[in-house]
Amino acid sequence: MEWKKLKHIISRARSNTRGDKEWGKLFTEYIATPLSHSTDDMLFYVRATKPTLEDSQTLLDIFRTSTCAEHDVCSNLYNTEETFYLNLLLHNFNYVLICAVCQQKQPGKDLKVFRSFSVPVYGSPNKHTMSGKAKQTTISYPNIYFSVYNFDEIFDGIVLTNNEMVCVELVAIDKSETVQISVFLGSIRYEVLDQALKSRASLTNKFMKQMSLGLIPVPSEPQFVTMNGPKSRGRVEMYVSDFKPKPDDFKDVTVNYEQRRCQSSSSTAADDDEQQSYSSRRQTGSITYGKEKYRSTANWRFQPNTKTHHYVNAQLTYLTLRWDELLDDLMECRKKPLLYHA
C-alpha cells in the first residue's frame, strides 16, 4: 500500500477510542499478514513495562510471523501502538544511505558535490559494535540503527582535504516507491575530522614525532569518531584515517585531483541538466553536481596531490535515529531528498 494512504489510516487510528484493538488490527493487516509471505519474517514486540538498565534485553520480544498467532500483540504485556510503529518503520520502508564529498564556500550558498556514494541499508533495533576486537550486538531500542558492515569497501572513495566536507543523508522510500523522504541530513568538515585524528594520536606516535623533531611524518592511527546530528538529532560514527594512496589509484588517470575539482566546479551549458534546485526545496540555496558523478567505489579514480595537501578517509559505519523522530519525519513528509537520485 502507498505510504500516503497508510498515513491517512494511521491518523484515523490515533483518534480512535478503541485503542489497542485498533492498533492490533492494523498490525495484523499491514505488518504480520504481508510478512508471512516474505523471507524477512521477524516481528518485534515492544514490552509495555520498561526494563531496568541491567535487564535491557527484555525490552523487545522477537517472534516469527508463523508463531505470531500464539502471541497476542494486544496483550497487556505489550505496547501495541509502539509495536505497530516499530515494525512499520522496519518493514514498510526501504532506506538508502548517501555519503558525498562536498564543498560550500559560504553558508547558504551553492553546495558543490564532487563525489557521491550510496548504499541500501536496513533498520534494526539492535546495535552491532564495529569498533574494537570484540564484535557485540545489543538491544538499541528506542534507537534504530542503520549499519554499514562493509564500510571500508563501500565508502573507500570518501577522501577529502581542506575546505571540503562529508555530507550524509538517509532517505526512506515506501514499498510502492511513490514517496521519498529525507529523514537525516548532516555534514562534517575536513578540519574537524583531521583534528579528531591528531587529538587521539597514540602515545607512541606522539613520542616518535617529538623525537624526530617533526622532521619525519608520523601517520595518525585510524579512529572511530562518533558525532551527533544537527540539533542533536541522530548520531553517526565514522572510521577516520589518513589517506594512503594505493597503486591502483594511479592507473588510467587522465587528470589529477586538483584538475578534476576545478572541472567539477566550473559552470558550463552542458552542466545545466545536472543542476538541482536546492532553493525550490529548502529555500536556502542550491546544489550543483559536477561533470563526474559516482554511485559506487568501483570505477572512481583520482590522483591526489599529497605533496601540498593532506587527505583523510572518512568511512561511515552506522547512522542511528530514535524511532519517534524517524516516524515524525515520515508522517509529515516534510523533507525531500537532497543528495539521493533514483
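Keep in mind that what you see is a predicted model, and the values were worked out from it rather than measured. The first residue in the sequence is number 1, and the count goes up from there.
Evaluation of the ring-ring contact (aromatic ring centres under 6.0 Å, His included) rule for Tyr122 yields no partner, not counting sequence neighbours. Partners of Lys175 under the side chain to side chain contact (heavy atoms under 4.5 Å, CB included) rule, at least two apart in sequence or in another chain, are Asn94.
Looking at Cys167 and Met165, their side chains come closer than 4.5 Å, going by heavy atoms from C-beta outward. Side-chain contact check for Leu6 versus Leu88: some heavy-atom pair is nearer than 4.5 Å. Contact of the Thr226 side chain with the Arg235 side chain is registered, since non-hydrogen atoms from C-beta on lie closer than 4.5 Å. Looking at Asn92 and Ile31, their side chains come closer than 4.5 Å, going by heavy atoms from C-beta outward. For the pair Ile144 and Leu321, the minimum side-chain heavy-atom distance is 4.5 Å or more. In this structure the side chain of Leu89 reaches within 4.5 angstrom of the side chain of Tyr95, judged on heavy atoms. Looking only at side-chain heavy atoms (C-beta outward), Trp323 and Glu82 come within less than 4.5 Å of each other.
At least one donor-acceptor pair closer than 3.5 Å links the side chain of His91 to the backbone N or O of Met42. Counting only distance, with no hydrogens or angles, the side chain of Ser124 and the backbone of Tyr145 share no donor-acceptor pair below 3.5 Å. Between the side chain of Ser11 and the backbone N or O of Lys7, at least one donor-acceptor pair lies under 3.5 Å.
Nearest heavy-atom pair across Pro125 and Leu60 is CB-CD1, 3.6 Å. Looking at every heavy atom in both residues, Ile98 comes nearest to Ser118 through CG1-CB, 3.9 Å. Ala314 approaches Leu193 most closely through the heavy-atom pair CB-CD1, 3.8 Å. Residues Val148 and Leu316 approach most closely at CB-O, 3.8 Å, considering heavy atoms. The nearest pair of heavy atoms linking Leu330 to Trp3 is O-NE1, 3.0 Å. Considering all non-hydrogen atoms of both residues, Asp174 and Val179 come closest at OD1-N, 3.0 Å.
The pair Asp329-Arg233 meets the salt-bridge criterion, with a side-chain N (NZ, NE, NH1 or NH2) lying under 4.0 Å from an Asp/Glu carboxylate O.
If you check the side chains of His128 and Tyr149, you find a donor sitting under 3.5 Å from an acceptor. Remark: the Ser176 side chain and the Glu2 side chain contain no N/O donor-acceptor pair separated by less than 3.5 Å.
Phe151 pairs with exactly one of Phe146, Tyr239, Phe117, Tyr318 by the ring-ring contact (aromatic ring centres under 6.0 Å, His included) rule, that one being Tyr239. Considering Gln195, Gln103, His310 in turn, His310 is the only one that fulfils the side-chain hydrogen bond (donor to acceptor under 3.5 Å, both in side chains) rule with Tyr190.
In this structure, Asn150 places its CG atom where more than 12 heavy-atom neighbours from other residues, nucleotides or ligands lie under 6.0 Å away. Heavy-atom neighbours of Glu191 CD from other residues, nucleotides or ligands within 6.0 Å: above the threshold of 12.
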For a quick test of your reading: what N or O donor-acceptor pairs under 3.5 Å do the side chains of residues 20-28 make, sequence neighbours left out?
unit_1 : atom_1 : unit_2 : atom_2 : d
Glu22  : OE1    : Arg18  : NH1    : 3.4
Thr28  : OG1    : Gly24  : O      : 3.1

